[in-house]
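Convention: sequence-line order gives letters A, B, ...; per-chain numbering from 1.
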4 protein chains.
Amino acid sequence: MKRYVPFRKGEIVSDAENARASIGARRNPETEAAVLQAAAELIREQGYAALTMEAVCKRARAGKATLYRWWPSKAHLLLALVSRSKQEMELPDTGTLRGDLTAYLDDLLARWRGDDGSMPMGPLVRVLYVEAADNAELGAALLEERRDRWQLLDQILTAARARGEVSPRLGAERAKQLAMALPIYLLMIGRLPAPGETAALVDDILPSFA
Amino acid sequence: MKRYVPFRKGEIVSDAENARASIGARRNPETEAAVLQAAAELIREQGYAALTMEAVCKRARAGKATLYRWWPSKAHLLLALVSRSKQEMELPDTGTLRGDLTAYLDDLLARWRGDDGSMPMGPLVRVLYVEAADNAELGAALLEERRDRWQLLDQILTAARARGEVSPRLGAERAKQLAMALPIYLLMIGRLPAPGETAALVDDILPSFA
Amino acid sequence: MKRYVPFRKGEIVSDAENARASIGARRNPETEAAVLQAAAELIREQGYAALTMEAVCKRARAGKATLYRWWPSKAHLLLALVSRSKQEMELPDTGTLRGDLTAYLDDLLARWRGDDGSMPMGPLVRVLYVEAADNAELGAALLEERRDRWQLLDQILTAARARGEVSPRLGAERAKQLAMALPIYLLMIGRLPAPGETAALVDDILPSFA
Amino acid sequence: MKRYVPFRKGEIVSDAENARASIGARRNPETEAAVLQAAAELIREQGYAALTMEAVCKRARAGKATLYRWWPSKAHLLLALVSRSKQEMELPDTGTLRGDLTAYLDDLLARWRGDDGSMPMGPLVRVLYVEAADNAELGAALLEERRDRWQLLDQILTAARARGEVSPRLGAERAKQLAMALPIYLLMIGRLPAPGETAALVDDILPSFA
DNA sequence: CATTAATCGAGACGGTACGTCATGTCTTCCG
DNA sequence: CGGAAGACATGACGTACCGTCTCGATTAATG
């Protein structure tokens with residue numbers, strides 16, 4: 001029986017020895033991990049532009065169908081990456097807005113920079129903000145994903161307001177925006193503060209709450 | 001067989017009646033205008049996703065080579081669009097930081113929103129920020145483009161500093177960042193203030209300079 | 001900005017009702033047939049100059065990637081066309097070189113002229129000869145393709161040599177060249193003999209074997 | 001006054017020091033020479049596929065308008081190249097067809113091979129034969145160009161016929177074809193005989209005249 | 001001598017084909 | 001059935017050439 005092959009021979013046809021197989025009629029967690037791993041590595045090593053669904057498939061040794069089954073668009077894949085990195089952070093309670101905000105931003109910036117050796121989330125977040133602008137579905141998902149973190153920020157600000165550290169003039173929304181605007185802006189222009197500079201950053205933000 | 005093109009003689013299709021021709025060995029400003037016009041219309045009518053180089057060529061009745069000669073990438077085309085919208089703005093001099101900043105941001109936000117009926121620059125600016133992150137050349141061009149506007153902001157802040165309205169604690173760079181962070185952040189999350197809300201915005205920003 | 005493609009969700013145009021889909025991870029013979037069909041029609045209807053890869057794609061409703069996967073250049077496509085026309089021809093055995101050569105060339109010339117209503121192969125062969133001169137890969141493919149037919153000619157000449165109809169002075173290669181030179185030359189100058197003239201042609205070639 | 005330059009800077013804008021200028025209202029022979037020289041070099045160095053009008057312009061430091069003014073198509077350029085090489089050859093008169101044909105083909109093959117250090121005409125001739133098939137104008141010009149040489153061949157064959165060396169069965173046209181077919185064929189398949197092998201070649205051709 | 005006219009290099013112009021690449025859908029075969 | 005593999009149609013990308021055009025300069029012939 002004739003086996004058709006593309007004109008350019010000599011390429012890899014199948015090194016199927018060590019491919020992951022199905023584990024039956026349910027999702028294979030190994031595959032999920034491999035895909036997210038591959039996506040993370042691609043972004044880190046070659047930038048966001050290199051994050052193509054095809055490259056992810058190849059690197060993760062996954063099929064395209066598998067990818068699209070679980071992450072119907074690149075946006076969902078990005079979101080999954082960010083979600084994966086979300087680990088618990090307990091509510092800081094230093095007694096001052098300055099201390100709480102410093103703790104909060106210190107943690108956030110560390111994740112953006114990838115301080116603990118894990119993948120830096122900064123580039124992803126930057127991309128998500130822009131993608132979300134054109135993509136309502138992604139926007140909603142992004143909002144949902146941020147809910148916990150934002151709740152934390154809300155609690156910090158509410159406590160500070162109770163202590164009189166936040167001007168009554170400021171609405172809850174605007175207060176949150178004031179807290180996030182400068183970090184996000186610095187992320188956007190690629191000028192994230194170094195690990196030790198968070199306190200100085202907070203000192204520059206704090207007056208706007210007064 | 002790459003370059004084998006049989007001789008075609010006299011079968012020129014060229015419905016050249018109404019095409020723009022060259023004006024010699026130098027740039028034809030009409031072509032430039034037509035291209036930018038086409039790009040602006042495409043974005044406005046069908047969104048940024050419709051801004052393909054090919055669509056621009058077609059709409060502007062321009063050749064691909066022409067496009068790529070003057071704008072080597074889509075990002076540069078965007079940048080040109082933004083640049084074009086930047087017409088002169090004179091230095092505001094209201095005597096207070098509040099007044100100057102309000103005038104400055106009022107103008108900027110109006111362009112981002114497209115208040116005068118022209119194309120809203122906001123979405124373009126948002127995309128440019130993300131592109132610049134991965135593209136050093138574009139980053140340089142973007143920086144260059146912003147120079148004029150930033151110089152204005154610098155002058156506003158310097159004057160304010162002379163009047164004692166800017167804390168000596170703040171460096172020039174950080175002061176600029178504090179002025180721009182919230183507007184940019186609001187642009188990023190799609191919450192640009194309405195035309196009348198600029199003053200309130202400035203009031204929320206101002207305390208951080210004190 | 002090369003690879004920045006905004007997410008497009010649900011705006012697939014894809015009038016996929018009547019498009020050929022993949023039949024799995026292997027070549028779809030329908031696609032191959034459609035492409036060769038389209039190429040043949042283009043050449044016949046509009047001439048060789050109209051045979052652009054793009055036109056073939058369009059007409060065959062095939063993707064560019066598909067085309068280039070299987071036929072890495074226009075020349076290879078031509079070659080496939082010629083190959084396809086080469087159906088089996090049994091070894092003529094009339095007992096004389098004259099008869100065998102007449103049968104052989106009659107068949108060959110009929111295909112070059114397209115006598116059976118199919119596409120004339122002559123113009124394609126002519127182009128292939130020239131392309132092969134500049135393109136080693138194509139040259140090899142062309143040689144490979146001709147092997148069957150040449151084997152036939154070899155057998156004819158060997159048999160004739162055994163009967164003493166071919167001078168021992170002539171090498172095998174030169175004998176083949178003498179048989180093919182005049183037909184090819186006539187093809188090149190566009191003076192292919194009419195269907196009934198093959199015998200006369202052979203009569204003019206034959207003496208050189210004596 | 002603003003000077004527009006393409007976005008990619010740093011390229012050669014004008015090294016106009018040593019450019020050829022017009023010599024008034026008539027053709028500049030230096031330009032013609034430079035163009036033909038450039039074309040010849042391109043074919044020799046990079047093959048026929050590299051013979052683009054643009055490459056010729058660049059290499060010859062000539063303007064496109066100049067090129068198209070004097071050689072309205074690539075075919076005309078090719079033809080001019082061949083014509084340029086046409087030098088006088090006197091009618092050989094060795095008293096035998098064998099001697100005359102050997103002299104004739106020896107000269108022809110030497111030019112095809114470029115034995116005297118000049119540009120090999122073989123590749124050009126090969127291309128011209130194929131181009132002429134699709135291009136009547138070029139075909140006519142090619143015929144005209146070859147007239148002298150063919151006249152020579154005609155004379156050789158007529159003299160041989162008078163001596164009884166050409167079978168009356170052969171028409172004048174067919175006789176010429178028999179003389180040229182094998183050399184042309186060998187040219188087409190890139191198997192031109194070496195300088196000393198012309199006599200052997202003629203010996204293989206001669207019997208067909210008997 | 002001044003004007004005219006044709007020539008020159010240069011290269012921008014509108015087009016079109018090229019060959020590459022990513023998308024998201026599909027089908028097969030294996031476990 | 002899930003998963004790897006990869007072919008499929010689509011279409012944008014950026015490059016290269018085509019043949020036409022306009023420029024500004026140069027220079028011979030003309031007035």
_Lys/Arg-Asp/Glu bridge criterion (N-O < 4.0 Å) met for C:E131, C:R126_ = no
Open item on the list: If the threshold is 4.0 Å, N to carboxylate O, is there a salt bridge linking A:K64 and A:E54?
Closed with: yes
Side-chain N or O of [X] closer than 4.0 Å to phosphate OP1/OP2 of [N]:
X	N	result
D:R20	E:dC8	no
D:R69	E:dT7	yes
A:T31	F:dA4	yes
D:W70	E:dC8	yes
B:T52	F:dG11	no

Taken in chain and number order and not counting sequence neighbours, the residues that satisfy salt bridge (Lys or Arg N to Asp or Glu O under 4.0 Å) with B:E30 are none
Can you check the [X] [atom1] to [N] [atom2] distance for me, whole Å?
X	N	atom1	atom2	answer
C:R59	E:dA17	CZ	P	15 Å
C:R26	E:dT27	CZ	C1'	8 Å
C:I23	F:dA9	CD1	C1'	15 Å
D:H76	F:dC18	NE2	P	16 Å
B:E32	E:dG14	CD	P	12 Å
C:L67	F:dT10	CG	C1'	14 Å
A:Y68	F:dC8	OH	C1'	14 Å
B:K74	F:dG14	NZ	P	8 Å

Closest approach to the side chain of [X], judged atom by atom: which nucleotide of [options] is it?
X	options	value
A:M53	E:dT7, E:dT23, E:dA17	E:dT23
A:E54	E:dC26, E:dT23, F:dT20	E:dT23
C:T66	E:dC13, E:dA17, F:dC8	F:dC8
A:R61	F:dA4, F:dG14, E:dG14	F:dA4

### Message
Once you apply a heavy-atom cut-off of 4.0 Å, does B:A65 come out as touching a base, just sugar-phosphate, or nothing?
### Response
base
For [X], check side-chain contact (heavy atoms from CB on, under 4.5 Å) against everything at least two apart and list the hits.
X	value
A:T66	A:T31, A:W70
B:A21	none
A:Q37	A:E41

When D:C57 and C:A21 are each assigned the nearest nucleotide of DNA chain E, the 5'-most assignment goes to D:C57
When the rotation axes relating C1' atoms of four end pairs to the next four are compared across the helix from E:dC1-F:dG31 to E:dG31-F:dC1, five pairs an end, they differ to 10° by 10°
So CG of B:L36 and CG of B:L81: to nearest 0.5 Å the spacing works out to 5.5 Å
Contacts of C:G63 and D:K64 projected onto DNA chain F by closest heavy atom; the upstream (5') one is C:G63
DNA chain F nearest-nucleotide lookup for D:A55 and B:S22: closer to the 5′ end is D:A55
Taken in chain and number order and not counting sequence neighbours, the residues that satisfy side-chain hydrogen bond (donor to acceptor under 3.5 Å, both in side chains) with A:R44 are none
